[in-house]
Peer 1: 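Before I ask anything, let me first share the structure, which is written out below as structure tokens.
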Amino acid sequence: MTEPLLAVTGLRKAFGGVAAVDDVSFSVAAGEIVALIGPNGAGKSTCFNLINGQLAPDAGSVRLGGTAIGGAAPRAIARLGVGRTFQVAATFASMTVRENVQLALLAHAGAQHQIGRRATTALAAEADALLEQVRMARFADQGCATLAYGDAKRVELALALANAPRLLLMDEPTAGMSPNSRNRMMQLAADLARQTRVAVLFTEHDMDVVFGHADRVIVLDRGRIIAEGPPAAIRNEPRVRAVYLGDDEA
């Protein structure tokens with residue numbers, strides 16, 4: 001059996017004696033898009049922070065393509081192929097869309113010292129290719145400060161892809177978007193995952209987005225996994241409905 005791209009085993013993290021993540025184990029395969037859901041305080045963001053190195057686990061392991069990455073520095077983990085987008089789109093508002101992506105490509109190439117001198121000329125073709133992937137090529141010369149919020153989120157996705165990730169962590173990728181924009185964003189992420197074999201792990205509060213785009217859903221409650229499976233099974237799981245979906249009769 002092929003080893004999964006991401007393998008999380010027995011992961012634990014506590015703050016002040018309270019377990020934010022408690023014996024969590026799951027995997028994500030290359031090309032798979034997996035939703036990690038749960039109520040506020042369930043441990044989703046802590047899980048992400050443990051995977052990409054912002055936090056060190058108290059116990060357990062995180063492996064990427066068979067390499068142990070738990071406790072490594074975020075920069076080292078990014079170099080191994082883990083990208084991340086955040087709840088609030090983060091771009092340089094004073095620069096154009098293309099310049100933002102060029103900066104990300106320069107950073108990935110280890111040429112940060114050349115950013116000031118080369119930002120307007122370096123890697124323009126590569127930047128445009130990434131913008132084409134996220135359907136933002138027509139906005140390449142536009143300032144990021146003028147973008148609609150959903151478009152800014154797509155630019156942030158291009159910035160994450162500039163790192164050539166094998167695993168993409170998307171923290172509430174559709175937060176603040178209209179319903180139509182949410183579905184377009186997640187369809188874009190799903191298409192990219194399947195075309196490029198990038199593994200995608202995302203958190204999301206919009207259940208229409210989760211059930212409409214995830215291959216598999218993992219449900220956390222109080223730091224522990226309470227259910228895992230395909231969207232249709234999770235939608236009808238009584239414990240999930242009671243804990244997360246607010247079904248008092250479950």
Peer 1: Do the side chain of Ser25 and the main chain of Gly10 share a donor and acceptor less than 3.5 angstrom apart?
Peer 2: yes
Peer 1: Walk me through it: do Leu201 and Phe48 pass the test side chain to side chain contact (heavy atoms under 4.5 Å, CB included)?
Peer 2: CA-CA 9 Å; Leu201 179 66; Phe48 268 33; 3.7 Å; yes
Peer 1: Does some side-chain heavy atom of Val34 sit less than 4.5 Å from a side-chain heavy atom of Leu6?
Peer 2: no
Peer 1: With rounding to the nearest 0.5 Å, note down the distance linking CD in Glu156 to CE in Met185.
Peer 2: 7.5 Å
Peer 1: Checking Arg63 against Ile69 for the side chain to side chain contact (heavy atoms under 4.5 Å, CB included) test, could you report, in this order, the C-alpha distance in whole Å, the side-chain angles of both residues, the deciding distance, and whether it holds?
Peer 2: CA-CA 6 Å; Arg63 301 183 72 83; Ile69 62 172; over 6 Å; no
Peer 1: Is there a donor-acceptor contact under 3.5 Å linking the side chains of Arg84 and Asn163?
Peer 2: no
Peer 1: Is there a donor-acceptor contact under 3.5 Å from the side chain of Lys44 to the main chain of Leu36?
Peer 2: no
Peer 1: Which atoms form the tightest heavy-atom contact between Met186 and Pro173, and what is the distance?
Peer 2: SD-CG, 3.5 Å
Peer 1: Is any side-chain heavy atom of Ile37 closer than 4.5 Å to one of Leu220?
Peer 2: no
Peer 1: Check for a donor-acceptor pair, side chain of Ser181 on one end and backbone N or O of Met177 on the other, with a separation under 3.5 Å.
Peer 2: no
Peer 1: Would you say the side-chain atoms of Glu32 pair up with the backbone N or O of Ala29, donor to acceptor, closer than 3.5 Å?
Peer 2: yes
Peer 1: Is the closest basic N to carboxylate O distance between Asp215 and Arg194 below 4.0 Å?
Peer 2: yes
Peer 1: Might you point out which heavy atoms bring Cys47 and Val21 nearest each other, and give the distance in Å?
Peer 2: N-CG2, 4.0 Å
Peer 1: Would a 4.5 Å heavy-atom cut-off, applied to side chains only, mark Asp22 and Arg222 as touching?
Peer 2: no
Peer 1: Test Asp141 against Arg98 for salt bridge (Lys or Arg N to Asp or Glu O under 4.0 Å), laying out the working first.
Peer 2: CA-CA 6 Å; Asp141 295 313; Arg98 180 186 291 112; 2.4 Å; yes
Peer 1: Please check: side-chain N/O of Arg182 versus main-chain N/O of Val209, any donor-acceptor pairing under 3.5 Å?
Peer 2: no
Peer 1: Determine whether Val101 and Leu159 satisfy the following criterion, side chain to side chain contact (heavy atoms under 4.5 Å, CB included), listing intermediate values before the conclusion.
Peer 2: CA-CA 6 Å; Val101 181; Leu159 300 182; 4.0 Å; yes
Peer 1: Are the charged groups of Arg135 and Asp191 less than 4.0 angstrom apart, N to O?
Peer 2: yes
Peer 1: For the CG atom of Leu50 and the OG atom of Ser61, what is their distance to the nearest 0.5 Å?
Peer 2: 11.5 Å
Peer 1: Nearest 0.5 Å please: distance from the OG1 atom of Thr196 over to the CD atom of Gln133.
Peer 2: 7.0 Å
Peer 1: Could you tell me whether Phe15 atom CZ has more than 12 heavy atoms of other residues or ligands within 6.0 Å of it?
Peer 2: yes
Peer 1: Could you give me the CA-CA distance, side-chain angles and deciding distance for Thr174 and Glu204, then say whether side-chain hydrogen bond (donor to acceptor under 3.5 Å, both in side chains) is met?
Peer 2: CA-CA 7 Å; Thr174 71; Glu204 182 58 60; 2.8 Å; yes
Peer 1: Can you give me the closest heavy-atom contact between Val200 and Ala189, atom names plus distance?
Peer 2: CG2-O, 4.4 Å
Peer 1: Heavy atoms, side chains only, cut-off 4.5 Å: are Glu228 and Val219 in contact?
Peer 2: no
Peer 1: Mark yes or no for whether Lys13, through its side chain, and Leu55, through its backbone, hold a donor-acceptor pair below 3.5 Å.
Peer 2: no
Peer 1: What pair of heavy atoms forms the shortest contact from Met170 to Leu157, and how long is it?
Peer 2: CE-CD1, 4.2 Å
Peer 1: When you compare the side chain of Ile33 with that of Val28, does any pair of heavy atoms fall below 4.5 Å?
Peer 2: no
Peer 1: Any chance you could measure Leu11, atom CG, to Asp23, atom CG, to the nearest 0.5 Å?
Peer 2: 9.0 Å
Peer 1: Any chance CD of Gln54 has more than 12 other-residue heavy atoms, nucleotides or ligands included, within less than 6.0 Å?
Peer 2: yes
Peer 1: If we ignore hydrogens and angles and just use 3.5 Å, is the side chain of Thr203 paired with the main-chain N or O of Glu172 as donor and acceptor?
Peer 2: yes
Peer 1: Working to the nearest 0.5 Å, report the span between CG of Leu167 and CG of Asn52.
Peer 2: 9.5 Å
Peer 1: A side-chain contact here means heavy atoms from C-beta on lying under 4.5 Å apart; do Val155 and Leu147 qualify?
Peer 2: yes
Peer 1: Just by distance, with hydrogens left out, do Gln142 and Thr96 show a side-chain donor and acceptor under 3.5 Å apart?
Peer 2: no
Peer 1: Report yes if some heavy atom in the side chain of Thr85 is under 4.5 Å from a heavy atom in the side chain of Phe202; otherwise report no.
Peer 2: no
Peer 1: Search all heavy atoms of Val198 against all heavy atoms of Pro165 and return the closest pair with its distance.
Peer 2: CG2-O, 3.4 Å
Peer 1: Any salt bridge linking Arg12 with Asp58? Criterion: basic side-chain nitrogen under 4.0 Å from a carboxylate oxygen.
Peer 2: no
Peer 1: Check whether any side-chain heavy atom of Arg224 lies under 4.5 Å from a side-chain heavy atom of Val24, and answer yes or no.
Peer 2: no
Peer 1: Would you check if the side chain of Arg235 reaches a backbone N or O of Met207 as a donor-acceptor pair within less than 3.5 Å?
Peer 2: no
Peer 1: Given side chain to side chain contact (heavy atoms under 4.5 Å, CB included), test Ile225 with Phe26 step by step and report yes or no.
Peer 2: CA-CA 9 Å; Ile225 293 176; Phe26 64 87; 4.3 Å; yes
Peer 1: Which distance, rounded to the nearest 0.5 Å, do you find between the CG of Leu105 and the CG of Leu161?
Peer 2: 10.0 Å
Peer 1: Please find the pair of heavy atoms, one from Ala152 and one from Thr91, that lie closest to each other, and give the distance.
Peer 2: O-CG2, 4.3 Å
